[in-house]
Amino acid sequence: MSSISDRYRLILKRFRINQGVMADRIGADSDTVGRWIKEGRMPHNFNHIEGMQLVLGVNLDWLETGEGEMLLDGVNPQIPTKTSENTSL
């Protein structure tokens, strides 16, 4: 089974974003998101958790356990389109 770190990487790959863009979208700083990825940790700040769910549409049960679907049904992820903000990926 994949680790939480692997699942974060899948999120980044799925949306074609980097950790800086993810951090910006959920209201975290890039270093914080980098620690989550490196250490395989779940967000603890409610605003970051809410951002993962509402902005990116990530199923937090999937992120934590690997079970279920990556994305929540009925949530339209608010991710950037291919613009200058993420063309350096």
Trainee: Report the residues that fulfil salt bridge (charged side-chain N to carboxylate O under 4.0 Å, His left out) with Arg35, sequence neighbours left out, ordered by chain and then residue number.
Mentor: none
Trainee: Testing the basics here: between Ile26 and Leu56, what is the closest heavy-atom pair and its distance to 0.1 Å?
Mentor: CG2-CD1, 3.9 Å
Trainee: Restricting to side-chain hydrogen bond (donor to acceptor under 3.5 Å, both in side chains), what partner residues turn up for Asp31, sequence neighbours left out?
Mentor: none
Trainee: Go through Leu10 and Trp62 one step at a time and tell me if the side-chain contact (heavy atoms from CB on, under 4.5 Å) criterion holds.
Mentor: CA-CA 11 Å; Leu10 284 172; Trp62 170 83; 4.1 Å; yes
Trainee: Please list all pairs meeting side chain to side chain donor-acceptor pair (under 3.5 Å) that have one or both residues in residues 37-60, counting only residues at least two apart or in different chains.
Mentor: Glu39-Arg41
Trainee: Apply the hydrophobic cluster definition, ILVMFWY joined by side-chain contacts under 4.5 Å directly or through others, and give me every member besides Leu72.
Mentor: Val75
Trainee: Would you compute the distance between atom OH of Tyr8 and atom CE of Met42 and round it to the nearest 0.5 angstrom?
Mentor: 5.5 Å
Trainee: How close do Arg7 and Glu64 get, heavy atom to heavy atom, and via which atoms?
Mentor: NH2-O, 3.1 Å
Trainee: Taking the side chain as every heavy atom from C-beta outward, state whether Arg9 and Ile37 have any atom pair closer than 4.5 Å.
Mentor: yes
Trainee: Would you name the heavy atoms of Met22 and Ile11 that are closest together and state the gap between them?
Mentor: CE-CG2, 3.5 Å
Trainee: Grab the two heavy atoms, one from Gly40 and one from Ile4, that are nearest each other, plus how far apart they are.
Mentor: O-CD1, 3.4 Å
Trainee: Apply side-chain contact (heavy atoms from CB on, under 4.5 Å) to the pair Ile17 and Arg25, showing each step before the final yes or no.
Mentor: CA-CA 10 Å; Ile17 59 176; Arg25 292 294 183 255; 5.8 Å; no
